[in-house]
Amino acid sequence: MTQARQSPTTIPDRYEPVAVEERWYPEWEKRGYFRADPESAKPPYCIVIPPPNVTGSLHMGHAFTMTLQDVLTRVKRMDGFNALWQPGTDHAGIATQVVVERQLAAEGKTKDDLGREAFLRRVWAWKDESGGTIIRQLKKLGASCDWSRLRFTLDDDLVRAVREAFVRLYDEGLIYRDDYIVNWCPRCQTVLSDLEVEREERDAEFVYIKYGPLTLGTVRPETKLGDTGVAVHPGDPRYAHYVGRTLRIPSVDGEIDIRVVADEAVDPEFGTGVVKVTPGHDPVDFEIGKRHGLPIRTVIGFDGRMTAAAGKYAGMDRFECRRKIVEDMQALGLIERIEPYRHAVGLCYRCKTVVEPLVSKQWYVRVKPLADVALAAAHDGRITIVPSGWLNTYDQWMQNIRPWCISRQLWWGHRIPAWYCERDGSVHVSRTDLTSCPSCGGPMRQDPDVLDTWFSSGLWPFSTLGWPDDTAELRTFYPTSVLVTGFDIIFFWVARMAMLGLHFMKAEPFRHVYIHALVRDAEGQKMSKSKGNVVDPLAIMGKYGTDAFRFTLAAFAAQGRDIRISDERVEGYRNFANKLWNAARLVLSNLEGYDPEGEPPPAGLPGRWIESRLHAAIHDVRTALDAYRFNEAAGTIYQFLWSDVCDWYLEIAKTALYRADDPAERQRVQHTLVTVLEATLRLLHPFMPFITEELWQRLPHEGESIMLAAYPRASRTGPDPEAERQMAVLIQAVTAIRNIRGEMRISPAQTLAAVVKAAPGDEALLREHVGLLQTLARARVTIDPRATRPRASALGVVGESEIYVELEGLVDLAAERQRLEKEIKRVGEAIAFTRGKLARPDFAERAPAEIVDKERDKLAEQEALHAKLVASLGWVG
RNA sequence: GGGCGGAUAGCUCAGCUGGAAGAGCGCAGCCCUUACAAGGCUGAGGUCGCAGGAUCGAAACCUGCUCCGCCCACCA
């Protein structure tokens, strides 16, 4: 009876990812599938990678963002676009420098022992040694970047781009050098931008100090030594008579002169309404000082210790000084009282050292005019931010933007292209290195500082494409299509690219910005090395396969919510990959006699149904992807493949495949199986590139790789509602019988006997597919429109039809009676609810007619069911 | 001080434009039925954070509140 067929054991019954992944990735790369062609006539699609730290290694955040970018790139590539995923790495200034400094420290050395040149050679060596790691790992992830275009932010081309940008901004007056109060990290020995300062709530002491006749509060008593004034609000009547006067007051270091000024920055409601002004160590005070011409006294140095100007406290650590000075003031009776106080302190984002505001000379970008343009672009549709909620965040920051401090006292990075003449002191900013002063010919000294690492990152979308040259790449791929990144670098990176891109290219750097959430551990904690809760993506990939891992990330990528990752979550999708593998195994081992060239016979009902479901799945996946709803796209494929294809269609198809008596049926089922599975593989490929390629190659197919195959389009014939309706009836009938089996605890081995009292509308359908019912429900099924219900039978209801399953000798009828009674009660309650609803005049008269009708139909159904259940009671006892 | 997000089954989360709640895992029962036990079938389990409101109708919209999380901010 059963036709001889290829044994499924020729293909392993478990999907083994490692071998497949190792085979396909190098093959794709070798064949040049990742390459984009700037001269191509196809429509362009471009994503620039958020460049990972060159010396870093792949963490969950990378894996997540890169997976999404690869999904998009692969979809577009299959969809006929000239797709470029532009890869690259970042020199990551301070981060990398700190790592190498730490290495040196382990050898008992400091960077100053080596000197600048030797230190930089050392960093480059470290870059050369570790720089390939993350690239290899991205390949492991399946990333289809055009590696022939790999860029590094310190490549010669990019150095040139950075200099060009710097010089142009300088010439336009948008870059300037200024003495200003900055955020200084005494440990890292560098200035930090406002964004690089983190805020943390800490407990502190609020010390009320007597300033002669005045009293004021401060949390930083040590800065008292740098006070050059006190300020009150201009409208504060309590202190009006002091304004403009200079007070001679007793202090820890004898008597000092303090001027009283009136300034709007003072809040009369806070504390005593008097504030000490320390222009050298507080940003607000700096501004106040500037407005009133108060001198700057620097009492804390770059090393975090008190300077000579601090008199007897010179050389003391700033916090030790704080303690000591309070002691001394207490001894002198200068302290009125001390209150506990909780406030935010600024910390260095890298080392968490308390940042010291200090006055120093730094380079700045006047970003306000650039921000205005970037703001406009996000509001007139040139740049679309998805999810749109982030536009708010972007706006607020752009609107309140302050000058961007771009110089850093580091060695690793883009050195500032400014030279100072040692003879006449003139400043020259230049695209090329200067050796002698253009004005006087004197010896030049280049600014020792480097640029904030985000300066070069801000040029990334066009610097990687060849700017400042007018390249084919720029013309083809700029503006890029979408930027995919996490919300944590909207200000650092997205905003800067928007500003700089619009400024230099006169066009937005990306049309869409897709902002995704963060990947956290299973408990929702941010992963960090210190917490020891880091989940290594490579370990996950090794354990469950790259495809399963990628699919997990996509499936959890719901907008606006962080992702919690754990082994169990990946395991589920590993099983999904395995399910697909076995579904393909079933198809592949039953292709004997299949003619891929042959004219396909018209599909039967199940075939039409599964094709209609496929049509819907393709449509839904495309819609979801267009809106960056990765989780919905993944969920749609998952449900379609597992439920519709495996649970139903394959089970139905087996009947035809295993029987030799209807070769035409076998043929058409084979055809449907192949076309549906092949299309599903293409639909899934961007998410699970490896397993889909492997299986696609084994199936009858056209073309050399699934990567080059077309992304599925919903069929021209559209959905097939009639097939869906009919299959729904059959599925319900099967489920009804299985339901009875399950409820009654009847063994699957037991073949049931069922009589279907078919309603007139469904009789023909049920008769035609009675074989399908018998197989799937494991029952002998008789269709009889005039059947009467046998004694000792269970009732199933499918629309207007009824199914009677004989129970005699199979179940405990008394128990069944109880169950029925319970069910009758439940349905009775549902009927009461619906009746109540329909009886309410507000509903009956005001709800739309079709809703009322629907409720009526529902009630009728419920009542019919109730009556049948009541009747059933008589049939089980 | 401003802004944003979250609160839905035991757990982790979907639920887009309002029409009596879904998935995965876990749990219970029956099955090694010739693609897959990493599987199949069946089932139990939810006053959708709380309180109001507009609506014929709310998990979804409005208001207030509670509890988490995040971002921004020059109240010393």
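The sequence lines fix the lettering, A, B, ..., with proteins before strands; numbering per chain opens at 1.
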Q: Could you check whether Arg741(A) gets within reach of a base, just the sugar-phosphate, or nothing at all, counting any heavy atom under 4.0 Å?
A: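 No contact at all - Arg741(A) keeps every heavy atom at 4.0 Å or more from the nucleic acid.
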Q: Please find out if less than 6.0 Å separates the ring center of Tyr573(A) from that of Phe549(A).
A: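 So the answer is no for these two rings.
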Q: Do Tyr208(A) and Tyr341(A) have ring centres separated by under 6.0 Å?
A: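 Centroid separation for Tyr208(A) and Tyr341(A): 6.0 Å or greater.
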Q: Quantified in whole Å, what is the P atom distance between nucleotide rG39(B) and nucleotide rG24(B)?
A: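 The same atom, P, in both gives a distance of 11 Å.
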Q: Provide, to the nearest angstrom, the distance between the CD1 atom belonging to Ile746(A) and the P atom belonging to rU33(B).
A: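 After rounding, the reported distance stands at 19 Å.
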Q: Where the side chain of Arg574(A) is defined as all heavy atoms beyond and including C-beta, which of rC13(B), rC36(B), rA38(B) is the nearest nucleotide?
A: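 Nucleotide nearest to Arg574(A)'s side chain: rA38(B).
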Q: Measuring only the C1' atom in each nucleotide, how far is rC31(B) from rC36(B)? A whole number of Å is fine.
A: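 The same atom, C1', in both gives a distance of 15 Å.
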Q: For Tyr544(A), report the nucleic acid contact type (base, sugar-phosphate, nothing); a contact means any heavy atom under 4.0 Å.
A: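 Result for Tyr544(A) = nothing.
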Q: Can you tell me how far C1' of rG43(B) sits from CD of Glu743(A), to the nearest Å?
A: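 Computing the Glu743(A):CD to rG43(B):C1' distance gives 6 Å.
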Q: Are Phe556(A) and Phe630(A) near enough that their ring centres are under 6.0 Å apart?
A: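 No: the rings miss the under 6.0 Å criterion.
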Q: Taking the C1' atom of each, how far is rG22(B) from rG46(B), in whole Å?
A: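 Comparing C1' positions in rG22(B) and rG46(B) gives a spacing of 11 Å.
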Q: Across the strands shown, which category fits Phe491(A) at heavy-atom distances under 4.0 angstrom: base, sugar-phosphate, nothing?
A: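 Phe491(A): backbone/sugar contact only, no base atoms under 4.0 Å.
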Q: Dot-bracket for RNA chain B, 5' to 3', with Watson-Crick and G-U pairs under 3.5 Å, [ ] for crossing pairs and | for other-strand pairs: what is it?
A: (((((((..((((.....[..)))).(((((.......))))).....(((((..]....))))))))))))....
Q: For rC74(B), does OP1 or OP2 lie under 4.0 Å from any side-chain N or O of Arg199(A)?
A: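 Answer yes for this pair, as a side-chain N or O of Arg199(A) is under 4.0 Å from OP1 or OP2.
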Q: Counting the atoms with a prime plus P, OP1 and OP2 as sugar-phosphate, which does Gln639(A) contact under 4.0 Å by heavy atoms, base, sugar-phosphate, or nothing?
A: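 Touches sugar-phosphate only.
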Q: Mind checking Lys654(A) for me? I need base, sugar-phosphate or nothing, with any heavy atom below 4.0 Å counting as a touch.
A: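 Base contact - Lys654(A) has a heavy atom under 4.0 Å of at least one base atom.
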Q: Distance check needed: rC41(B) C1' versus Leu752(A) CG, whole Å only.
A: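 Value for this atom pair: 12 Å.
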Q: If you only use heavy atoms from C-beta on, which nucleotide in rA76(B), rU33(B), rC36(B) is closest to the side chain of Val219(A)?
A: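 Within the option list, the nearest is rA76(B).
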Q: Would you please confirm or rule out a distance under 4.0 Å between OP1 or OP2 of rG39(B) and any side-chain N or O of Lys579(A)?
A: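 So the side-chain polar atoms of Lys579(A) never come under 4.0 Å of the phosphate oxygens OP1 or OP2 of rG39(B).
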Q: Run the side-chain contact (heavy atoms from CB on, under 4.5 Å) test on Lys224(A) and Thr218(A) for me, step by step, so that the C-alpha distance in whole Å, both residues' side-chain angles and the decisive distance to 0.1 Å come before the verdict.
A: CA-CA 9 Å; Lys224(A) 180 185 195 315; Thr218(A) 180; over 6 Å; no
Q: Given the C1' atoms of rC74(B) and rG5(B), what is the spacing between them in whole Å?
A: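 One C1' to the other, the span is 27 Å.
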Q: Of all residues at least two apart in sequence or in a different chain, which pass the side-chain contact (heavy atoms from CB on, under 4.5 Å) check with Asp488(A)?
A: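 side-chain contact (heavy atoms from CB on, under 4.5 Å) check on Asp488(A) returns Leu518(A).
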Q: Could you tell me how far apart Trp390(A) (CH2) and rC71(B) (C1') are, to the nearest whole angstrom?
A: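 Going from CH2 in Trp390(A) over to C1' in rC71(B) covers 7 Å.
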Q: Would you mind classifying the nucleic acid contact of Ala558(A) as base, sugar-phosphate or nothing, using non-hydrogen atoms under 4.0 angstrom?
A: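 Answer is sugar-phosphate: Ala558(A) comes under 4.0 Å of backbone atoms only.
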Q: Ala265(A): what forms a side-chain contact (heavy atoms from CB on, under 4.5 Å) with it, not counting sequence neighbours?
A: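 Checked Ala265(A) against side-chain contact (heavy atoms from CB on, under 4.5 Å); matches are Asp263(A), Val284(A), Ile288(A), Arg291(A).
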Q: Once you apply a heavy-atom cut-off of 4.0 Å, does Leu216(A) come out as touching a base, just sugar-phosphate, or nothing?
A: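 Answer is nothing: Leu216(A) stays at 4.0 Å or more from every strand.
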Q: Over how many whole Å does the gap from Leu358(A) atom CG to rC74(B) atom P extend?
A: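 After rounding, the reported distance stands at 17 Å.
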Q: Under 4.0 Å, heavy atoms only, any strand: does Arg14(A) hit a base, just the sugar-phosphate, or nothing?
A: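 Base: the residue Arg14(A), judged by heavy atoms under 4.0 Å, touches a nucleobase.
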Q: Expressed as a whole number of Å, how far does the P atom of rG2(B) sit from that of rA21(B)?
A: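 Pairwise P distance, rG2(B) against rA21(B), rounds to 38 Å.
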Q: Looking at Lys276(A), Glu356(A), Arg322(A), Arg318(A), which one forms a side-chain hydrogen bond (donor to acceptor under 3.5 Å, both in side chains) with Thr223(A)?
A: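 Single side-chain hydrogen bond (donor to acceptor under 3.5 Å, both in side chains) partner of Thr223(A) among Lys276(A), Glu356(A), Arg322(A), Arg318(A): Lys276(A).
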Q: Check every strand shown and say whether Asp647(A) touches a base, only sugar-phosphate, or nothing at a heavy-atom separation below 4.0 Å.
A: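 Result for Asp647(A) = sugar-phosphate.
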Q: With distance as the sole test, does Arg569(A) use its side chain to make a donor-acceptor pair with the main-chain N or O of Arg564(A) at under 3.5 Å?
A: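 Flag set: sc Arg569(A) to bb Arg564(A) pair under 3.5 Å.
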Q: Can you check whether Asn575(A) has a side-chain N or O nearer than 4.0 Å to OP1 or OP2 of rG39(B)?
A: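 Yes, Asn575(A) has a side-chain N/O under 4.0 Å of OP1/OP2 on rG39(B).
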Q: Suppose you measure atom C1' in rG64(B) against the same atom in rA54(B); what distance do you get, rounded to whole Å?
A: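 rG64(B) and rA54(B) have their C1' atoms separated by 15 Å.
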Q: Considering only the C1' atoms, how many Å lie between rC27(B) and rA44(B), rounded to the nearest integer?
A: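 About 8 Å, rounded to a whole number of Å.
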Q: Is the shortest side-chain N/O distance from Tyr573(A) to OP1 or OP2 of rC25(B) below 4.0 Å?
A: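 Checking Tyr573(A) against rC25(B): no side-chain N or O falls below 4.0 Å of OP1 or OP2.
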Q: Check this one for me: any side-chain N or O of Arg745(A) less than 4.0 Å away from OP1 or OP2 of rU42(B)?
A: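 No, Arg745(A) has no side-chain N/O under 4.0 Å of OP1/OP2 on rU42(B).
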Q: Once you round it to whole Å, what is the distance between C1' of rC75(B) and CD of Glu264(A)?
A: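 These atoms are roughly 14 Å apart.
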Q: Is the number of heavy atoms from other residues, nucleotides or ligands within 6.0 Å of NE2 (His292(A)) greater than 12?
A: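 Yes, NE2 of His292(A) has more than 12 neighbouring heavy atoms, counting only those of other groups under 6.0 Å.
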Q: Using the C1' atom on both, measure rG49(B) against rU8(B) and round to a whole Å.
A: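 Between the two C1' atoms, the distance is 10 Å.
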Q: For a quick test of reading the model: is some side-chain N or O of Trp642(A) closer than 4.0 Å to OP1 or OP2 of rG40(B)?
A: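 For rG40(B), OP1/OP2 do have a side-chain N/O of Trp642(A) under 4.0 Å.
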Q: Need one value for Thr278(A): base, sugar-phosphate or nothing, where a base atom within 4.0 Å counts as base even if backbone is also close, heavy atoms only.
A: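 Nothing, no nucleic acid heavy atom in range.
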Q: Does Asn739(A) have a side-chain nitrogen or oxygen under 4.0 Å from the phosphate oxygens OP1 or OP2 of rG43(B)?
A: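 Answer is yes, contact under 4.0 Å.
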